[in-house]
Undergrad: 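Attaching a single structure in structure tokens format; questions to follow.
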Amino acid sequence: MDFLRDLFSRTLGIGTPEKVLDELSLEGVGRFLLSGKCKNVVFMVGAGISTSAGIPDFRSPGSGLYANLQKYNLPYPEAIFEIGFFKQNPEPFFALARELYPGQFKPTICHYFIKLMKEKGLLLRCYTQNIDTLERVAGLTTDDLVEAHGTFHTSHCIGTFCGEEYQLPWMKEKIFSDLIPKCDKCNSLVKPDIVFFGESLPSRFFSALKSDFQKVDLLIVMGTSLQVQPFASLVGK
């Protein structure tokens, strides 16, 4: 009945939903975190939490990644992350990867705030759109994370019948040697396990959200304009 009452109050404006925060402010959120009622915190994060580390976001006018790709002679900016374009012309992606490769940047205060929630026993999960691995560098584990758009942490051969897995050091050596990574077994392209346009999100994204969003007491969204689906739809869960 409580669920139905809350549902009707939110969708039909009937009744009054339960008040969670005593004040709609950061201070109010802080008091809720300390109240003992908040036991499961979920984060949704995007490129904005890494910009102060020196990594550009995607869509900011002038400074964003998409506004500064002219040197790669792309038909349009998003092509650099399209799987069809990558298979035909992988050089622009790997040139960009060399500039933004994990290990060259340090986590920001936002990353360590998420780690603090873990240390306090409050972190249920961090859903990230980022592929820079700074959440891992800050101390989050695979279990803490749902890397919705994949990760540089591992790579796989995209050959039809291969799928050989490669680890971060192998890929890093290829990229910084100005080589297009090719599979040691079948000589097909090897792609970092980041999600390109035209690819499905990792199965973990869909399996984790089913359980996590039934338990969440507080959802914190940082550094994302919520423009990309289906990640943006999580706020409605």
Side-chain angles (χ1 to χ4, degrees), residues 1-53 57 106-151 153 193 195 201-237:
M1 285 301 296
D2 289 339
F3 169 77
L4 288 175
R5 190 178 299 112
D6 183 52
L7 177 65
F8 287 137
S9 70
R10 284 187 287 112
T11 57
L12 302 177
I14 300 172
T16 304
E18 181 187 356
K19 190 175 182 180
V20 176
L21 302 181
D22 60 23
E23 180 182 273
L24 191 59
S25 66
L26 286 177
E27 290 77 11
V29 173
R31 286 191 291 272
F32 179 55
L33 281 167
L34 293 170
S35 68
K37 298 177 182 177
C38 181
K39 301 182 185 303
N40 293 300
V41 178
V42 170
F43 286 86
M44 289 173 61
V45 301
I49 74 166
S50 295
T51 51
S52 61
D57 65 11
K106 295 181 179 179
T108 70
I109 193 170
C110 293
H111 297 96
Y112 286 117
F113 175 58
I114 303 169
K115 173 68 183 317
L116 179 65
M117 292 297 100
K118 173 183 168 72
E119 291 174 349
K120 298 292 185 183
L122 296 174
L123 179 66
L124 176 59
R125 206 84 61 205
C126 175
Y127 287 73
T128 178
Q129 293 174 286
N130 298 337
I131 57 175
D132 53 37
T133 73
L134 289 183
E135 296 91 358
R136 291 176 181 266
V137 178
L140 299 188
T141 66
T142 299
D143 187 57
D144 298 324
L145 290 166
V146 173
E147 293 162 315
H149 294 171
T151 178
H153 201 63
D193 290 341
V195 178
L201 269 60
S203 58
R204 175 168 165 75
F205 173 83
F206 299 100
S207 60
L209 73 86
K210 288 181 180 178
S211 59
D212 288 349
F213 281 79
Q214 292 179 0
K215 303 173 186 174
V216 60
D217 298 311
L218 176 66
L219 175 65
I220 298 178
V221 183
M222 299 194 297
T224 172
S225 53
L226 297 176
Q227 296 294 307
V228 178
Q229 297 288 358
F231 188 89
S233 68
L234 291 181
V235 295
K237 302 293 184 185

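We're numbering straight along the sequence, starting at 1. Worth knowing before you read on, the calculation uses all heavy atoms, side chains too, and leaves out hydrogens, waters and symmetry mates. It should be emphasised that the depicted structure is a prediction, and the values quoted were computed from it without experimental measurement.
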Undergrad: Side chains of M117 and I220: closer than 4.5 Å at any heavy-atom pair?
TA: no

Undergrad: Can a donor-acceptor pair be found, under 3.5 Å and without considering hydrogens, that links the side chain of E27 to the backbone of S25?
TA: no

Undergrad: Calculate, to the nearest 0.5 Å, the distance between atoms NE2 and CZ belonging to H111 and F113 respectively.
TA: 13.0 Å

Undergrad: For K120 and V41, run side chain to side chain contact (heavy atoms under 4.5 Å, CB included): C-alpha distance rounded to whole Å, both residues' side-chain angles, the deciding distance at 0.1 Å, then the answer.
TA: CA-CA 11 Å; K120 298 292 185 183; V41 178; over 6 Å; no

Undergrad: Can you check side chain to side chain contact (heavy atoms under 4.5 Å, CB included) on V137 and K106, steps first, answer last?
TA: CA-CA 8 Å; V137 178; K106 295 181 179 179; over 6 Å; no

Undergrad: Assess whether side chain to side chain contact (heavy atoms under 4.5 Å, CB included) is satisfied between I114 and M222, documenting all intermediate values.
TA: CA-CA 10 Å; I114 303 169; M222 299 194 297; 4.0 Å; yes

Undergrad: Is M44 close to L226 at the side-chain level, that is, under 4.5 Å between some pair of heavy atoms?
TA: yes

Undergrad: Could you tell me which non-hydrogen atom of G28 sits nearest to which non-hydrogen atom of D22, and how far apart they are?
TA: CA-OD1, 3.8 Å

Undergrad: Any donor-acceptor pair under 3.5 Å linking the side chain of T108 with the backbone of I49?
TA: yes

Undergrad: Counting distance only, does the side-chain N/O of D217 pair as donor-acceptor with the main-chain N or O of N40 below 3.5 Å?
TA: yes

Undergrad: Give me the atom names and distance for the closest heavy-atom approach of V195 to P202.
TA: CG2-CD, 3.8 Å

Undergrad: Taking all non-hydrogen atoms of both residues, which atom of L218 and which atom of C38 are closest, and how far apart?
TA: CB-SG, 3.8 Å

Undergrad: To the nearest 0.5 Å, how far apart are OG1 in T224 and CZ in F43?
TA: 14.5 Å

Undergrad: Per the salt bridge (Lys or Arg N to Asp or Glu O under 4.0 Å) rule, which among R125, R136, R204 passes with E147?
TA: R136

Undergrad: Would you compute the distance between atom CG of L122 and atom NZ of K39 and round it to the nearest 0.5 angstrom?
TA: 9.0 Å

Undergrad: Enter the distance from L209:CG to Q214:CD here, rounded to the nearest 0.5 Å.
TA: 9.5 Å

Undergrad: A side-chain contact here means heavy atoms from C-beta on lying under 4.5 Å apart; do L134 and P107 qualify?
TA: yes

Undergrad: Is atom CG of L21 surrounded by more than 12 heavy atoms (other residues, nucleotides or ligands) closer than 6.0 Å?
TA: yes

Undergrad: Does a side-chain heavy-atom distance below 4.5 Å link E135 with V45?
TA: yes

Undergrad: Is there a side-chain contact between L116 and Y112 (heavy atoms, below 4.5 Å)?
TA: no

Undergrad: Shortest non-hydrogen contact from D132 to S50?
TA: OD2-OG, 2.7 Å

Undergrad: Roughly how far apart are D144 CG and T128 OG1, rounded to 0.5 Å?
TA: 12.5 Å

Undergrad: Taking the side chain as everything from C-beta on, heavy atoms only, tell me whether T141 gets closer than 4.5 Å to K118.
TA: yes

Undergrad: For E23, check salt bridge (Lys or Arg N to Asp or Glu O under 4.0 Å) against everything at least two apart and list the hits.
TA: R31

Undergrad: Output, in order, the C-alpha distance, side-chain angles, deciding distance and verdict of side chain to side chain contact (heavy atoms under 4.5 Å, CB included) for F32 and S35.
TA: CA-CA 5 Å; F32 179 55; S35 68; 3.8 Å; yes

Undergrad: How close do C126 and L140 get, counting heavy atoms only, and between which atoms?
TA: CB-CD1, 4.2 Å

Undergrad: I need the minimum non-hydrogen distance between G150 and I131, along with the two atoms involved.
TA: O-CG2, 3.8 Å

Undergrad: Taking the side chain from Y127 and the backbone from L234, do they hold a donor-acceptor pair closer than 3.5 Å?
TA: no

